[in-house]
Amino acid sequence: MAKQTPMMQQYLEIKAQYEDAFLFFRLGDFYELFFEDAKKAAHELEITLTSRGGTHDRIPMCGVPYHSVDQYIQQLIEKGYKIAICEQVEDPKEAKGVVKREVVKLITPGTVMEANLLNDKENNYLATVADFEDGSFGFGRTDLSTGESAVTLIEGDLNDVIYELASISAKEVVVSEAFASKYEDTLEQQLNLTVSVEEERELPESMEGLCSELEQSKLIETMAPLFHYLIKTQKRSLDHLQKVTYYSRNEYLKIDYHSKRNLELTETIREKKKQGSLYSILDKTETSMGARLLKKWLEQPLVDRKKITERHSVVQSLLDNFFIREELKDKLKEVYDLERLAGKVAYGNVNARELVMLRRSLHQAPSIRIM
DNA sequence: GTCTTGAGGCTAACAT
DNA sequence: ATGTTAGCATCAAGAC
């Protein structure tokens with residue numbers, strides 16, 4: 001390969017660390033992509049592929065201005081790609097030679113934090129699968145935007161794993177290299193999700209507290225790679241993550257994929273539209289948190305009689321008490337997405353408008369609690 | 001409405 | 001040797 005300019009050397013060094021992601025390389029007012037990234041991105045995003053350099057050996061390039069980068073990120077995330085955002089980390093006026101640059105965050109389908117890329121009414125799950133020597137699987141999930149995590153064991157085959165991944169609509173799954181080489185194609189094609197590899201299997205010290213309620217070592221081993229992946233990709237505070245909860249797959253009714261589709265619980269069969277689904281008819285929720293909970297209830301019906309009765313009696317008491325119900329509705333209208341707001345605060349990318357939303361929401365909390 | 005320009009880094013090519 | 005300039009993705013603001 002021909003000798004590169006200083007900036008291209010810098011680019012290649014950084015790119016080598018993020019082989020599996022599009023590297024958005026900040027250059028002045030633009031994020032630029034080079035080489036194969038440029039060719040692929042130009043094709044996916046339908047933008048012009050150009051080049052830079054001299055008259056010979058020009059380097060393929062495409063780019064977008066910083067103020068409209070979000071829409072392009074969104075397109076790539078929706079297609080399941082990962083993106084590394086590389087910023088200029090010193091003042092160009094002070095810099096001698098090329099300005100220092102660093103990857104400041106990795107955006108992947110399962111770790112998106114930007115509100116405009118997330119659907120309010122749906123969780124955005126990053127899953128993880130561990131395969132144990134006895135043939136069983138560990139299955140875990142985290143929604144980075146709300147901070148919730150849950151884990152279970154699967155005594156079954158790969159189809160049961162696929163069922164679990166499909167039932168939470170996981171966007172991305174963290175697995176070992178060995179697992180990926182065996183099943184990556186199946187997972188990507190059947191479930192349309194992004195597969196990420198993480199080898200580290202020891203639980204990070206900073207995450208021990210989150211796993212304090214897990215009693216079996218298999219459960220902790222399942223979650224460890226997922227937490228490593230989060231630390232590696234996010235480069236930020238993960239303080240808003242809540243304790244990992246254990247659930248048994250027997251708590252919920254198993255509905256096979258085809259039945260679920262035919263019941264049109266959350267989307268219609270032919271158009272995959274929400275409108276017309278059972279969920280869209282039942283959804284009278286006032287908050288995003290409520291909408292996500294309702295969806296969970298529909299997709300994972302309870303089987304334990306006692307729990308079902310409990311849930312019914314709560315619903316019944318609200319049905320019977322018109323005034324309390326209406327008052328509660330009014331108060332909840334003032335409540336914004338607390339789960340995700342908390343995440344943004346811990347994460348350090350909260351803005352003023354969102355802080356005002358947080359204040360209004362918390363203001364309602366005491367009176368709601370009394371009811 | 002349509003056309004032109006500049007936004008900010010970096011570099012190749014041309015000018016002194 | 002050192003200095004100046006043209007170009008280069010898209011988008012929004014300004015000119016017409």
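Per chain, numbering begins at 1; letters A, B, ... match sequence-line order.
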Original post:
Is it true that the NZ or CZ of K82(A) lies under 6.0 Å from the centre of F22(A)'s six-membered ring and within 45 degrees of the ring axis?
Top reply: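 Negative - K82(A) is either too far from the ring of F22(A) or too far off its axis.
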
Subject >> Cation-pi, Y279(A) ring and K274(A) (6.0 angstrom, 45 degrees) >> reply: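 No, K274(A) does not sit over the ring of Y279(A).
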
Length of the line joining [X]:[atom1] and [N]:[atom2], which is rounded to integer Å:
| X | N | atom1 | atom2 | value |
| --- | --- | --- | --- | --- |
| M7(A) | dC8(C) | CE | C1' | 11 Å |
| R52(A) | dT5(C) | CZ | P | 19 Å |
| Y66(A) | dG9(B) | OH | P | 11 Å |
| K93(A) | dG8(B) | NZ | P | 8 Å |
| L45(A) | dT10(C) | CG | P | 10 Å |
| E46(A) | dA9(C) | CD | P | 17 Å |
| Q9(A) | dC10(B) | CD | C1' | 14 Å |
| L27(A) | dG9(B) | CG | P | 9 Å |

Give one of base, sugar-phosphate or nothing for [X], where a contact means two heavy atoms less than 4.0 Å apart.
| X | result |
| --- | --- |
| M61(A) | base |
| Y72(A) | sugar-phosphate |
| Q71(A) | sugar-phosphate |
| P92(A) | sugar-phosphate |

If I pick the [atom1] atom on [M] and the same atom on [N], what distance separates them, to the nearest angstrom?
| N | M | atom1 | answer |
| --- | --- | --- | --- |
| dT16(B) | dA6(C) | P | 13 Å |
| dG8(B) | dG3(C) | P | 23 Å |
| dT5(C) | dG6(B) | P | 14 Å |
| dT4(B) | dG7(C) | P | 15 Å |

Can you tell which of [options] lies closest to the side chain of [X]?
| X | options | result |
| --- | --- | --- |
| P65(A) | dT10(C), dC8(C), dA13(B) | dT10(C) |
| T55(A) | dA13(B), dC10(B), dG8(B) | dA13(B) |
| I47(A) | dT10(C), dC11(C), dG8(B) | dT10(C) |
| S68(A) | dC11(C), dA7(B), dG7(C) | dC11(C) |
| T50(A) | dA7(B), dA9(C), dC11(C) | dA9(C) |

Subject >> Phosphate contact (dC10(B) OP1 or OP2) by R26(A) side-chain N/O below 4.0 Å >> reply: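 Negative; the distance criterion is not met.
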
Subject >> Phosphate contact (dA9(C) OP1 or OP2) by T48(A) side-chain N/O below 4.0 Å >> reply: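 No, T48(A) has no side-chain N/O under 4.0 Å of OP1/OP2 on dA9(C).
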
Subject >> Within-4.5 Å side-chain heavy-atom neighbours: K15(A) and L33(A) >> reply: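 SC-SC contact between K15(A) and L33(A) ruled out.
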
**OP:** Evaluate side chain to side chain donor-acceptor pair (under 3.5 Å) for E172(A) paired with S196(A), printing each intermediate quantity in order.
**Re:** CA-CA 7 Å; E172(A) 181 177 359; S196(A) 297; 2.7 Å; yes

**OP:** Could you say whether the aromatic ring of F30(A) and the base of dG9(B) stack, counting only centre distances under 5.5 Å and plane angles under 30°?
**Re:**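 Whether judged by distance or by angle, F30(A) falls short somewhere, so it does not stack on the base of dG9(B).
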
Original post:
In terms of the nearest nucleotide of DNA chain B, which residue is placed more toward the 5' end: H56(A) or G28(A)?
Top reply: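 By nearest-heavy-atom nucleotide position, the 5'-most residue is G28(A).
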
Original post:
Are any of the side-chain nitrogens in R101(A) or E90(A) under 4.0 Å away from the carboxylate oxygens of its partner?
Top reply: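 Looking at R101(A) and E90(A), the cut-off is not met.
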
Original post:
Are Y31(A) and Y66(A) close enough that their ring centres sit under 6.0 Å apart?
Top reply: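 No, they do not, as the ring centres are separated by 6.0 Å or more.
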
Original post:
Between H67(A) and R58(A), which has a closest nucleotide on DNA chain C that is more 5'?
Top reply: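 Mapping each residue to its closest nucleotide by heavy atoms, the 5'-most match is R58(A).
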
